[in-house]
2 protein chains.
Amino acid sequence: MKFIDEENIDFGIMLSKNGLSQTSFRKKLIKLFHLSNSSLSIDEVINGLHNNVDKATVYRALNAFEENGLIHKVPDKDNLLRYALCQKECSPTKHSHNHAHLLCDKCNSTYCLNDFKIPIENNYNGFIVSNSKIILEGRCVDCQ
Amino acid sequence: MKFIDEENIDFGIMLSKNGLSQTSFRKKLIKLFHLSNSSLSIDEVINGLHNNVDKATVYRALNAFEENGLIHKVPDKDNLLRYALCQKECSPTKHSHNHAHLLCDKCNSTYCLNDFKIPIENNYNGFIVSNSKIILEGRCVDCQ
DNA sequence: GTATAATTGCAAATGATTTGCGTTTTTATT
DNA sequence: AATAAAAACGCAAATCATTTGCAATTATAC
């Protein structure tokens with residue numbers, strides 16, 4: 001449950017700020033993510049947008065959103081991509097997702113564990129870490 | 001670098017112990033993983049097996065190995081699957097990969113951080129965690 | 001050894017994601 | 001607010017990793 005009043009967000013301006021064109025489709029798309037409190041699969045995105053939308057357009061928009069730091073990808077248990085809003089600290093040039101995702105292996109719901117801080121170093125024996133993906137698989141409350 | 005003397009391992013018996021048939025192909029395949037100290041992509045597997053092998057057969061064997069707890073899958077930065085040997089504590093019924101993978105985003109080399117113990121709980125607000133995937137992306141020593 | 005079950009190899013199917021391209025919408029400029 | 005340039009859209013077709021069907025071969029169990 002998010003406690004942001006979505007009514008007060010101007011999604012068009014949000015898109016512009018991130019270097020993306022304001023189209024009615026993309027405004028609906030970014031709003032959909034803000035209304036959802038977990039990640040979305042392609043099909044969930046398409047179902048969430050009542051009107052009939054073209055998958056290629058959705059994929060292109062999702063990739064544009066990702067390249068511009070608005071969303072990021074999370075693979076589910078079958079390695080299919082899901083998409084989730086980025087944290088505030090993301091920017092077009094640097095994605096930082098140093099937080100865990102809880103992924104239900106039954107219903108595929110995803111939740112961000114924003115307060116879960118993993119003690120990750122920058123350097124492991126000379127390997128330089130620039131990004132981390134932590135996925136905790138299991139069962140959500142509804143699926144146990 | 002692994003310090004196991006691969007000459008002393010009977011890969012046929014290893015397969016049988018894990019409920020897999022001993023075929024000459026599968027013995028070569030499990031040996032290839034033991035000789036490698038990182039994860040392998042499909043193409044790396046096929047190149048590693050001199051003889052010409054059928055991709056479908058490789059995929060089937062890899063899936064069988066995974067179902068029987070010998071290997072597990074790690075997605076690379078493009079979400080393509082790579083395959084890596086399981087730790088000792090894996091069994092056919094339960095995969096436990098509570099360790100991190102270092103994944104070079106240039107050359108796709110993968111390394112296990114076996115001594116990296118992440119403080120993961122069993123339960124986050126009612127979500128029951130049964131498995132964790134931690135992927136640290138960055139640059140390996142050779143690619144910096 | 002022989003029968004049953006599993007694996008192999010080949011070709012074809014599947015399914016998610018991407019691409020080409022002509023049309024429409026947005027952005028930047030006057 | 002008109003217009004030219006750039007980006008996005010929508011449709012169909014292409015791509016590419018992975019899976020599946022099936023007949024032939026090999027392994028396992030009795």
Side-chain angles (χ1 to χ4, degrees), chain A residues 10-32 39-47 49-68 70-84 92 108 110, chain B residues 10-32 39-47 49-68 70-84 92 108 110:
Chain A
D10 185 322
F11 294 105
I13 290 178
M14 176 181 297
L15 290 169
S16 290
K17 270 194 197 165
N18 285 78
L20 293 157
S21 301
Q22 309 187 21
T23 68
S24 67
F25 168 69
R26 292 189 172 188
K27 280 188 274 193
K28 283 179 203 144
L29 182 57
I30 191 64
K31 182 173 183 180
L32 178 66
S39 68
L40 298 169
S41 67
I42 297 289
D43 290 337
E44 286 164 358
V45 166
I46 289 172
N47 290 336
L49 303 168
H50 28 51
N51 335 16
N52 40 339
V53 271
D54 178 57
K55 262 193 183 176
T57 302
V58 177
Y59 276 114
R60 268 190 279 237
L62 291 172
N63 285 334
F65 284 12
E66 196 210 10
E67 284 160 16
N68 289 277
L70 282 177
I71 64 175
H72 60 280
K73 299 174 179 174
V74 191
D76 75 3
K77 68 173 190 305
D78 297 319
N79 218 40
L80 299 183
L81 292 177
R82 302 180 63 80
Y83 300 85
N108 267 326
T110 321
Chain B
D10 184 322
F11 294 105
I13 289 178
M14 177 181 295
L15 291 168
S16 290
K17 271 194 197 164
N18 285 77
L20 293 156
S21 300
Q22 308 186 22
T23 68
S24 68
F25 168 70
R26 291 189 174 186
K27 280 187 275 192
K28 284 179 202 142
L29 181 57
I30 191 65
K31 183 174 183 178
L32 178 66
S39 68
L40 297 169
S41 68
I42 297 290
D43 291 337
E44 287 164 357
V45 167
I46 288 171
N47 291 336
L49 302 170
H50 29 51
N51 336 17
N52 41 340
V53 270
D54 179 57
K55 261 192 184 176
T57 301
V58 177
Y59 277 114
R60 269 191 280 236
L62 290 172
N63 285 334
F65 284 11
E66 196 210 10
E67 285 161 16
N68 289 277
L70 281 176
I71 65 175
H72 61 279
K73 299 174 178 175
V74 191
D76 75 4
K77 68 173 190 306
D78 298 318
N79 218 41
L80 299 183
L81 291 177
R82 301 181 64 79
Y83 300 83
N108 267 325
T110 322

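Keep in mind that this is a model prediction, so the values were computed, not measured. Numbered from 1 within each chain, the chains take letters A, B, ... in sequence-line order.
The heavy-atom pair separating B:Ser16 from B:Gln22 by the smallest distance is OG-NE2, 2.8 Å.
Rounding to whole angstrom units, CG of residue A:Leu62 and P of D:dA8 are separated by 13 Å. Between B:Ile46 atom CD1 and C:dC10 atom C1' there is a gap of 14 Å when expressed in whole angstrom units. C:dT7 atom P lies 13 Å from atom CG of B:Asn18, rounded to whole Å. Rounded to whole Å, atom C1' of D:dA8 lies 14 Å from atom NZ of A:Lys28. The separation between A:Asp78 atom CG and C:dT14 atom P is 19 Å, rounded to whole Å. Atoms CG (A:Leu29) and P (D:dG10) sit 12 Å apart, rounded to a whole Å.
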| said: I'd like to compare against my own output: the B/S/- annotation of nucleotides 24-30 of chain C with a strict under-4.0 Å heavy-atom distance to protein. | reply: --SS---

| said: I'd like to compare against my own output: the B/S/- annotation of nucleotides 15-21 of chain D with a strict under-4.0 Å heavy-atom distance to protein. | reply: --SBBBB

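Using a 4.5 Å heavy-atom cutoff, the side chains of A:Leu70 and A:Leu20 are in contact. Within the 4.5 Å cutoff, side-chain heavy atoms of A:Leu62 are placed close to those of A:Ile42. The shortest side-chain heavy-atom distance between A:Phe25 and A:Lys28 does not fall under the 4.5 Å cut-off. Inter-residue side-chain proximity for A:Leu15 and A:Asn68 is flagged as unmet; no heavy-atom pair is nearer than 4.5 Å.
The structure places CG of A:Leu29 at 9.0 Å from CG of A:Leu40, a figure rounded to the nearest 0.5 Å. The CG atom of A:Asn47 sits 10.0 Å away from atom CG of A:Leu32, with the distance rounded to the nearest 0.5 Å.
Remark: A:Leu81 pairs with A:Lys73, A:Tyr83, B:Asn79 by the side-chain contact (heavy atoms from CB on, under 4.5 Å) rule, at least two apart or across chains. For the salt bridge (Lys or Arg N to Asp or Glu O under 4.0 Å) test, residues two or more places apart in sequence or in another chain that qualify with A:Arg82 are A:Glu44.
Residue A:Arg26 has a polar side-chain atom (N or O) positioned under 4.0 Å from OP1 or OP2 of D:dC9.
Among residues at least two apart or in separate chains, salt bridge (charged side-chain N to carboxylate O under 4.0 Å, His left out) pairs with a member in residues 51-65 of chain B are B:Asp43-B:Lys55.
Comparing the axis of the opening five pairs of the helix from C:dG1-D:dC30 to C:dT30-D:dA1 with that of the closing five pairs yields an angle of 50°, rounded to 10°.
In this structure, A:Lys17 places its NZ atom where only 12 or fewer heavy-atom neighbours from other residues, nucleotides or ligands lie under 6.0 Å away.
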